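Down below is the structure, laid out as structure tokens.
Since we're looking at a predicted model, the values are computed, not measured.
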Amino acid sequence: ATLPPISELNEMDDGAFKKIVCVLFELAPPLEKRLLPKRPFDSYESLINVGRNEILNMSLEEKNEVLCGHPAIGQKKGLSAMSKIEQGGEEAEEVYIKLAQLNQDYLDHFEFPFVIFVNGRPKKEICRILEELLGNKEILTKESELNRALTDLFLIAEDRLKKATIKSSL
């Protein structure tokens with residue numbers, strides 16, 4: 001992904017700013033709204049850190065909305081360019097079917113989508129992680145799992161920033 005220099009991001013209109021924020025966080029309207037008035041940022045790292053602090057002050061509904069912006073692992077359609085790369089290569093169809101069921105079971109129990117920093121791990125490994133989480137769902141609180149998912153959301157953003165190219169559009 002290509003990001004503009006932070007100085008250009010700070011000067012962008014709201015719509016353009018939100019599009020760039022989506023590169024890091026996917027579609028996250030509550031986060032975008034809270035980051036807009038916090039400009040100017042010294043760096044993308046500070047933007048991510050401000051976002052991390054802002055998420056602490058969000059309602060449960062806002063946090064859910066932020067997580068809902070991330071595509072399900074194993075989703076094949078509607079992926080951003082970054083998500084496509086992060087989710088890795090193709091796997092057997094039964095892995096996708098299993099992931100879809102595990103994602104749904106997770107959503108049914110925790111009431112928010114499963115978000116994890118995949119970091120190049122194969123989908124079969126993500127299935128094992130989901131199975132383990134669901135196997136422990138009686139002892140995991142929704143709050144602790146929500147915090148884990150939000151932590152991973154910011155790990156994803158930091159990783160995307162590391163891999164991005166900063167290039168002026170001027």
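The nearest pair of heavy atoms linking Ala1 to Val23 is CB-CG1, 3.7 Å. When all heavy atoms of Pro4 and Ile20 are compared, the closest pair comes out as CD-CD1, 3.6 Å. Considering all non-hydrogen atoms of both residues, Ala149 and Phe112 come closest at CB-CE1, 4.4 Å. Across Leu3 and Ala164, no two heavy atoms sit closer than the pair CD1-CB, 3.7 Å. Here the closest non-hydrogen pair linking Glu26 and Glu32 is O-OE2, 4.2 Å.
Residues Glu145 and Arg148 are paired through a salt bridge, judged by an N-O separation under 4.0 Å between the basic side chain and the carboxylate. With respect to Glu158 and Arg52, a salt bridge is recorded, a charged nitrogen being found less than 4.0 Å from a carboxylate O. Between Arg39 and Asp14 there is a salt bridge, with a side-chain nitrogen of the basic residue lying less than 4.0 Å from a carboxylate oxygen of the acidic one.
Between Phe41 and Asn10 the shortest side-chain heavy-atom distance falls below 4.5 Å. Contact annotation: the side chain of Lys137 never approaches that of Tyr106 to less than 4.5 Å [non-hydrogen atoms, C-beta and beyond]. Looking at heavy atoms from C-beta onward, Lys98 lies in side-chain contact with Glu131 at the 4.5 angstrom threshold. By the 4.5 Å heavy-atom criterion applied to side chains, Glu11 and Pro40 are not counted as neighbours. Here the side chains of Val118 and Ile156 are not in contact, with every heavy-atom distance at 4.5 Å or above. Residues Glu8 and Ser168 form a side-chain contact, since some pair of their non-hydrogen atoms from C-beta on lies under 4.5 Å apart. With a 4.5 Å cut-off on side-chain heavy atoms, Leu99 and Leu130 count as touching. Cys127 has its side chain within reach of Leu102: a pair of non-hydrogen atoms, C-beta onward, lies under 4.5 Å apart.
The backbone N or O of Ser59 sits less than 3.5 Å from a side-chain atom of Glu62, completing a donor-acceptor pair. Listed for the Arg34 side chain is no donor-acceptor partner under 3.5 Å among the backbone atoms of Leu31. Between the Asp159 side chain and the Leu155 main chain, no donor and acceptor come within less than 3.5 Å of each other. Of the possible polar contacts, none joining the Ser144 side chain to the Leu140 backbone as a donor-acceptor pair under 3.5 Å is found. A donor-acceptor pair is defined here as one N or O able to donate and one able to accept, closer than 3.5 Å; such a pair exists between the side chain of Asp152 and the backbone of Phe117. The backbone N or O of Ala16 sits less than 3.5 Å from a side-chain atom of Asp13, completing a donor-acceptor pair.
Rounded to the nearest 0.5 Å, atoms CD (Glu143) and NZ (Lys63) are 7.5 Å apart. With values rounded to the nearest 0.5 angstrom, Ile129 atom CD1 is found 4.0 Å from Ile116 atom CD1. The structure places CD1 of Ile48 at 10.5 Å from CZ of Arg160, a figure rounded to the nearest 0.5 Å. Distance check, rounded to the nearest 0.5 Å: CD of Glu61 to CG of Asn64 gives 7.0 Å. To the nearest 0.5 Å, atom OG of residue Ser46 and atom CD1 of residue Ile6 are 6.0 Å apart. Once rounded to the nearest 0.5 Å, the distance linking CG of Asn49 with OH of Tyr44 reads 15.0 Å.
Ile126 and Ile97 are assigned to two separate hydrophobic clusters, defined by single-linkage of ILVMFWY side chains at heavy-atom distances under 4.5 Å. Both Leu60 and Phe114 belong to a common hydrophobic cluster when Ile, Leu, Val, Met, Phe, Trp and Tyr are linked at side-chain heavy-atom distances under 4.5 angstrom. Follow the hydrophobic side-chain contacts under 4.5 Å out from Ile166 and you reach Leu24 in the same cluster. Residues Leu161 and Ile55 fall within the same hydrophobic cluster, defined by Ile, Leu, Val, Met, Phe, Trp and Tyr side chains chained together at heavy-atom separations under 4.5 Å. Under a hydrophobic-cluster definition in which Ile, Leu, Val, Met, Phe, Trp and Tyr are linked whenever side-chain heavy atoms come within less than 4.5 Å, directly or via other members, Leu67 and Leu107 are assigned to different clusters.
In this structure, Phe25 has its ring center closer than 6.0 angstrom to the ring center of Phe154.
A side-chain donor-acceptor contact under 3.5 Å links Asp105 and Gln101.
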Val21 vs Leu36, test: side-chain contact (heavy atoms from CB on, under 4.5 Å). Steps then yes/no. CA-CA 10 Å; Val21 169; Leu36 271 167; over 6 Å; no
